[in-house]
Amino acid sequence: MNFPADFTSLLSRTGKLVALTGAGVSQESGLRTFRDAQAGLWQQYKPEDLASPEAFARDPQLVWDWYAWRREAVKGVRPNPGHYALVELEAKIPAFTLITQNVDGLHRFAGTRNLLELHGNLQRVRCSDCGTFAETWENDSGSVPRCMHCNGLLRPDVVWFGESLPRDPLEKAVEAIRTCQVFLSIGTSGLVQPAASLAHAAQSNGAVVVEINAEATPLTPKTDFFFQGKSGELLPKLIQAVWGN
Ligand code: OAD
């Protein structure tokens with residue numbers, strides 16, 4: 001992939017950049033994207049039918065077990081060159097913010113510092129009644145653990161369909177987008193709001209919108225630059241093309 005000169009020159013001069021990542025960034029670490037078919041036991045369910053407050057109310061054990069399985073799938077998974085290239089990008093750009101919809105924790109593991117986890121984190125758990133966070137809980141293979149304060153059922157600290165995003169990271173994301181010069185959308189289908197609207201907000205605030213994705217998405221026709229390919233390959237090449245190391 002040869003990046004056009006107007007793009008590399010723009011990036012080398014950029015003082016403020018926001019990147020938004022989705023499940024595609026973790027695909028090369030061996031994790032399924034959200035909209036890939038599910039594996040094994042879980043094939044009969046759609047993620048959309050498990051990641052909701054209604055699903056948890058209907059069958060907390062089923063939802064807990066699905067998240068226990070996903071936590072297990074993330075164990076031993078390591079960041080890939082795409083995650084590490086974003087750590088390098090943070091070192092190159094004076095004001096860098098990484099907004100992620102991923103709950104796998106791989107950006108933090110790789111070393112990204114200014115990170116906003118919009119959809120929470122798989123490894124955290126909180127009480128579904130009183131909201132108290134739990135650092136530890138009973139073995140994942142057992143029944144749904146309960147809160148030590150109010151005996152409510154514990155749930156993963158992730159955002160489910162129909163729930164609002166956590167206020168603090170969302171406010172910081174909106175603020176970063178208000179003034180960024182470049183908005184980089186990577187490995188996300190852009191189907192879920194309000195994350196999906198962040199690119200449009202950035203563009204109306206004057207940012208150049210760039211997309212890296214294995215496939216075209218609904219955002220693609222509106223981008224200023226679209227680079228088709230795997231983020232684990234393209235992001236390191238992008239750093240190389242702009243900064244030459
Ligand atoms: P999706 O599974 O919807 O989309 C993954 C995107 O990554 C697709 O556009 C793929 O083309 C692209 N892709 C796959 N492999 C790639 C690679 N190696 N390099 C670059 N791109 C690649 O996942 P998300 O967009 O993250 O929300 O989904 C967003 C949210 O929708 C999730 O956080 C989840 C889901 O509903 C909640 O659970 C609230």
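One-based numbering, in listed order, for ligands and for the atoms of each.
Each of the atoms 26 (O) of ligand 1 lies under 4.0 Å from some heavy atom of G22. Close approach to A214 involves these atoms of ligand 1, each under 4.0 Å from a residue heavy atom: 13 (N), 16 (C), 20 (C), 21 (N), 22 (C).
The nearest protein atom to atom 28 (O) of ligand 1, hydrogens excluded, is given as R35 NH1, 3.3 Å; this is a heavy-atom distance. Nearest protein neighbour of atom 12 (C) of ligand 1, counting heavy atoms only, is N213 OD1, 3.2 Å. Here the protein heavy atom with the shortest distance to atom 33 (O) of ligand 1 is H119 ND1, 2.8 Å. Protein heavy atom nearest atom 38 (O) of ligand 1, with residue, atom name and distance: F34 CZ, 3.5 Å. Protein heavy atom in closest approach to atom 18 (N) of ligand 1: Q27 OE1, 2.7 Å. Nearest protein heavy-atom neighbour of atom 13 (N) of ligand 1: G24 CA, 3.5 Å. Shortest contact from atom 30 (C) of ligand 1 to any protein heavy atom: V192 CG2, 3.7 Å. Nearest protein heavy-atom neighbour of atom 36 (O) of ligand 1: F161 CZ, 2.8 Å.
Among all heavy-atom pairs drawn from P4 and F227, the shortest one is CD-CE2, 3.7 Å.
At a heavy-atom distance under 4.0 Å, atoms from both the backbone and the side chain of Q101 approach ligand 1. Under 4.0 Å from ligand 1, heavy atoms of A23 appear from its side chain as well as its backbone. Contacts with ligand 1 closer than 4.0 Å are made by side-chain heavy atoms of E28 only, the backbone lying farther away. Both the backbone and the side chain of T188 come within contact range of ligand 1, each with a heavy atom under 4.0 Å.
Here the side chain of H83 pairs a donor or acceptor atom with the backbone of N80 at under 3.5 angstrom. The backbone N or O of L31 sits nowhere less than 3.5 Å from a side-chain atom of S29 that would complete a donor-acceptor pair. In this structure a side-chain-to-backbone donor-acceptor pair under 3.5 Å is present from D224 to V209. Side-chain atoms of S231 do not come within 3.5 Å of backbone N or O of I186 as any donor-acceptor pair.
Between the side chains of E211 and T220, at least one donor N or O sits under 3.5 Å from an acceptor N or O. Side-chain polar atoms of K16 and T179 form a donor-acceptor pair below 3.5 angstrom.
Checking each of V158, L165, N102 against H119 for a side-chain contact (heavy atoms from CB on, under 4.5 Å) leaves exactly one that passes, namely L165.
The shortest N or O to N or O distance between S189 and ligand 1 is below 3.5 Å.
Considering each of G187, G229, A216, P218, the one bringing a non-hydrogen atom nearest atom 5 (C) of ligand 1 is G187.
Between F3 and F225, the distance from one ring center to the other does not fall under 6.0 angstrom. In this structure, the ring of W66 has its center no less than 6.0 angstrom from the ring center of Y45.
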